[in-house]
Amino acid sequence: MAAKEPMRVLVTGAAGQIGYALVPMIARGVMLGADQPVILHMLDIEFAAEALKGVKMELIDAAFPLLKGVVATTDVVEACTGVNVAVMVGGFPRKEGMERKDVMTKNVSIYKAQASALEAHAAPNCKVLVVANPANTNALILKEFAPSIPEKNISCLTRLDHNRALGQISERLGVQVSDVKNAIIWGNHSSSQYPDVNHATVKTPSGEKPVRELVQDDEWLNGEFIATVQQRGAAIIKARKLSSALSAASSACDHIRDWVLGTPEGTFVSMGVYSDGSYGVPAGLIYSFPVTCSGGEWTIVQGLPIDEFSRKKMDATAQELSEEKALAYSCLA
């Protein structure tokens, strides 16, 4: 069989914590498969140019068999040229004393520039994943300034929250995380998100069983479990004095791998995607839904029953996203 053509993968903010964890995973085939050669495009700001050089040296030193080339640059056009997959990790982080609007204004200008470069220079059908916070709204801004990139090709990362939910259930039940599936993250990648276990199951010796039936503690599932997943990022910052990096990088690989190579039969995952009005979520928001993927396309899982408790949580996170969208658009003015 002929060797595959290399795919070009862009990582922005590549010299940062998440970028440093992510680029070796991509070079190892974790994101696109063990037989898919890659050329890495790494972008960072001028301030990080020297560190970016160091990352490039390390990638060369690691002698990854799948890595067919490295572009390390501070030039957004060079970084975006010909890329098939773009992972947008770079963004302006919220600093002490900053209001949300300040952060949003900074990110609007970053994502405006990157969107224009992707639109003009990326490969046709390039898939874009936004990781930098506020991820849903940054993805929306990117969509706004890259009108010719189809909305189905722009997504944001809620797989980290999804994986956190699976992890909490596996810890609680003392089962392998690989035996837990179909938890859902609804809404925003923020503390308003709704981690929903009503459709989640666990593989047991006597077949698949609903998580609720096995946990037998609705108070925990409707309270502490949700809060733990919502606040997990803050808990990691408190413990590590730095934000989640390896788990974010790993989840970004999971997100792209499932999107490109497909989800296993009977399994759905969470992705922040452009709402078409499914489940009563306002159209035109980037909102996290349960999806299945096949042939490089995601599809929102339809027809799941939604109880009153879930409805309220789903609406609250949609409300926050509508407010963020309004804020972002006011920054464009």
**Student:** Is it true that a side-chain atom of Arg257 and a backbone atom of Val260 form a donor plus acceptor pair closer than 3.5 Å?
**Tutor:** no
**Student:** Would you indicate whether the side-chain heavy atoms of Leu304 and Tyr279 approach each other to under 4.5 Å?
**Tutor:** yes
**Student:** Under 3.5 Å, is there a donor-acceptor pair between the side chain of Thr263 and the main chain of Cys293?
**Tutor:** yes
**Student:** Is it possible for you to say whether Val273 and Val87 belong to one hydrophobic cluster, with membership spreading through side-chain heavy-atom contacts below 4.5 Å?
**Tutor:** yes
**Student:** Do the side chain of Asn84 and the main chain of Arg8 share a donor and acceptor less than 3.5 angstrom apart?
**Tutor:** yes
**Student:** What's the shortest heavy-atom distance between Val38 and Val9, and which atoms?
**Tutor:** CG1-CG2, 4.3 Å
**Student:** Applying a strict under-4.5 Å side-chain criterion to I, L, V, M, F, W and Y, I'd like to know whether Val89 and Leu118 cluster together.
**Tutor:** no
**Student:** Rounded to the nearest 0.5 Å, what separates atom CD1 in Ile306 from atom CG in Asn198?
**Tutor:** 8.0 Å
**Student:** Go through the steps to decide whether Ile141 and Gln114 satisfy the test side-chain contact (heavy atoms from CB on, under 4.5 Å), and finish with yes or no.
**Tutor:** CA-CA 10 Å; Ile141 292 163; Gln114 293 180 352; over 6 Å; no
**Student:** Got more than 12 heavy atoms from elsewhere within 6.0 Å of CD, Glu213?
**Tutor:** yes
**Student:** I'd like to know if the side chain of Asn138 reaches the main chain of Met104, judged simply by a donor and an acceptor atom lying under 3.5 Å from each other, with no hydrogens or angles considered.
**Tutor:** no
**Student:** Could you walk me through whether Tyr111 and Met88 satisfy the side-chain contact (heavy atoms from CB on, under 4.5 Å) test, starting with their C-alpha distance in whole Å, then the side-chain angles of each, then the deciding distance to 0.1 Å, before giving a yes or no?
**Tutor:** CA-CA 9 Å; Tyr111 276 82; Met88 318 302 280; 3.5 Å; yes
**Student:** List the atom of Leu66, the atom of Ala27, and the distance in Å for their closest heavy-atom pair.
**Tutor:** CB-O, 3.6 Å
**Student:** Less than 4.0 Å between a side-chain N and a carboxylate O, is that true for Glu144 and Lys112?
**Tutor:** no
**Student:** Say whether, by atom type as modelled, one donor and one acceptor occur between the side chain of Asn182 and the main chain of Thr201 under 3.5 angstrom.
**Tutor:** no
**Student:** Do Leu32 and Ile256 have side chains that approach each other closer than 4.5 Å (heavy atoms only, starting at C-beta)?
**Tutor:** yes
**Student:** Could you please spell out the steps behind the side-chain hydrogen bond (donor to acceptor under 3.5 Å, both in side chains) verdict for Gln302 and Ser278?
**Tutor:** CA-CA 8 Å; Gln302 296 294 346; Ser278 292; 2.9 Å; yes
**Student:** Does the pair Leu242 and Ile237 meet the rule for a side-chain contact (heavy atoms from CB on, under 4.5 Å), with working shown?
**Tutor:** CA-CA 5 Å; Leu242 294 161; Ile237 290 172; over 6 Å; no
**Student:** Using a strict threshold of under 4.0 Å (side-chain N to carboxylate O), is an ion pair present between Asp161 and Arg164?
**Tutor:** yes
**Student:** Look up atom OH in Tyr274 and atom CG in Asn153, then write down how far apart they are to the nearest 0.5 Å.
**Tutor:** 13.5 Å
**Student:** Less than 4.5 Å apart, side chain to side chain, heavy atoms only: is that true for Gln17 and Ser244?
**Tutor:** no
**Student:** Regarding Ser310 and Asp307, do their side chains bring together a donor and an acceptor under 3.5 Å, going by distance alone?
**Tutor:** yes
**Student:** With rounding to the nearest 0.5 Å, note down the distance linking CD1 in Ile286 to CG in Asn188.
**Tutor:** 11.0 Å
**Student:** How long is the straight-line distance from OH of Tyr287 back to CE of Met271, given to the nearest 0.5 Å?
**Tutor:** 16.0 Å
**Student:** Do Thr158 and Trp186 have side chains that approach each other closer than 4.5 Å (heavy atoms only, starting at C-beta)?
**Tutor:** no
**Student:** So, do Tyr194 and Ile185 sit near enough that their side-chain heavy atoms are less than 4.5 Å apart?
**Tutor:** no
**Student:** Minimum heavy-atom separation for Gly91 and Ile110, please, with both atom names.
**Tutor:** C-CD1, 4.0 Å
**Student:** Take Ser288 and His189 through the test side-chain hydrogen bond (donor to acceptor under 3.5 Å, both in side chains) and record every step on the way to the result.
**Tutor:** CA-CA 8 Å; Ser288 181; His189 174 60; over 6 Å; no
**Student:** Taking atom types as modelled and ignoring hydrogens, do the side chains of Gln168 and Thr228 form a donor-acceptor contact shorter than 3.5 angstrom?
**Tutor:** no
**Student:** Measuring from atom CG of Asp254 to atom CG of Leu160, what distance do you get when rounded to the nearest 0.5 angstrom?
**Tutor:** 10.0 Å
**Student:** Is Leu173 reachable from Val180 through a run of hydrophobic residues whose side-chain heavy atoms are each under 4.5 Å from the next?
**Tutor:** yes
**Student:** Nearest 0.5 Å, what's the CD1-NZ distance between Ile60 and Lys56?
**Tutor:** 5.5 Å
**Student:** So, does Thr204 use its side chain to make a donor-acceptor pair with the main chain of Gly207 at under 3.5 Å?
**Tutor:** yes
**Student:** Take a 6.0 Å sphere around CD of Glu208 and say whether it holds more than 12 heavy atoms from other residues, nucleotides or ligands.
**Tutor:** yes
**Student:** Is Val177 linked to Ile169 within one hydrophobic cluster, defined over Ile, Leu, Val, Met, Phe, Trp and Tyr using a side-chain heavy-atom separation of less than 4.5 Å?
**Tutor:** yes
**Student:** Scan for salt bridge (charged side-chain N to carboxylate O under 4.0 Å, His left out) pairs involving residues 316-331, sequence neighbours excluded, and state none if there are none.
**Tutor:** Arg100-Glu324
**Student:** Using a 3.5 Å distance criterion without hydrogens, assess whether the side chain of Asn136 forms a donor-acceptor pair with backbone atoms of Gly187.
**Tutor:** yes
**Student:** Which residues pass the salt bridge (charged side-chain N to carboxylate O under 4.0 Å, His left out) test with Lys152, not counting sequence neighbours?
**Tutor:** Glu297
**Student:** Taking NZ, NE, NH1 and NH2 as the nitrogens, is one of them in Arg172 or Asp217 under 4.0 Å from a carboxylate oxygen of the other?
**Tutor:** yes
**Student:** Is there a donor-acceptor contact under 3.5 Å from the side chain of Ser155 to the main chain of Val130?
**Tutor:** no
**Student:** Can you get from Val131 to Val30 by hopping between Ile, Leu, Val, Met, Phe, Trp and Tyr side chains that sit under 4.5 Å apart?
**Tutor:** no
**Student:** For a side-chain hydrogen bond (donor to acceptor under 3.5 Å, both in side chains) check, start with the C-alpha distance between Glu58 and Tyr20, then their side-chain angles and the critical distance, and finish with the verdict.
**Tutor:** CA-CA 10 Å; Glu58 284 204 76; Tyr20 188 69; 2.8 Å; yes
**Student:** Taking the six-membered ring for Trp, are Phe225 and Trp220 parallel (under 30°), tilted (30 to 60°) or perpendicular (over 60°)?
**Tutor:** tilted
**Student:** Under 4.0 Å between a Lys/Arg side-chain N and an Asp/Glu carboxylate O for Glu308 and Arg311?
**Tutor:** no
**Student:** How about Lys203: does its NZ atom have over 12 heavy atoms from other parts shown lying under 6.0 Å from it?
**Tutor:** no
**Student:** Taking Ser190's backbone N and O only, do any of them form a donor-acceptor pair with Gln193's side chain (distance below 3.5 Å, no angle check)?
**Tutor:** yes
**Student:** Can you check whether Ser247's main-chain N or O pairs, donor with acceptor, with Ser251's side chain at less than 3.5 Å?
**Tutor:** yes
**Student:** Can you find a pair of side-chain heavy atoms, one from Leu214 and one from Pro210, that are under 4.5 Å apart?
**Tutor:** no
**Student:** Is a donor from one side chain sitting under 3.5 angstrom from an acceptor on the other, for Ser191 and Gln230?
**Tutor:** no
**Student:** Taking all non-hydrogen atoms of both residues into account, name the closest pair between Met25 and Cys253 and its distance.
**Tutor:** CB-SG, 3.7 Å
**Student:** Would you say that His41 contacts Ile39 through its side chain, given a criterion of any heavy-atom pair below 4.5 Å between the two side chains?
**Tutor:** yes
**Student:** Apply the test side-chain contact (heavy atoms from CB on, under 4.5 Å) to residues Val269 and Arg159: give CA-CA distance (whole Å), side-chain angles for both, the deciding distance (0.1 Å), then the verdict.
**Tutor:** CA-CA 7 Å; Val269 296; Arg159 183 59 174 269; 3.6 Å; yes
**Student:** Quick check: do Lys4 and Pro37 have side-chain heavy atoms less than 4.5 Å from each other?
**Tutor:** yes
**Student:** Counting the benzene-type ring for Trp, do Phe289 and Trp298 have ring centres under 6.0 Å apart?
**Tutor:** no
**Student:** Asp276 and Ala283: which non-hydrogen atoms are nearest, and at how many Å?
**Tutor:** C-CB, 4.1 Å
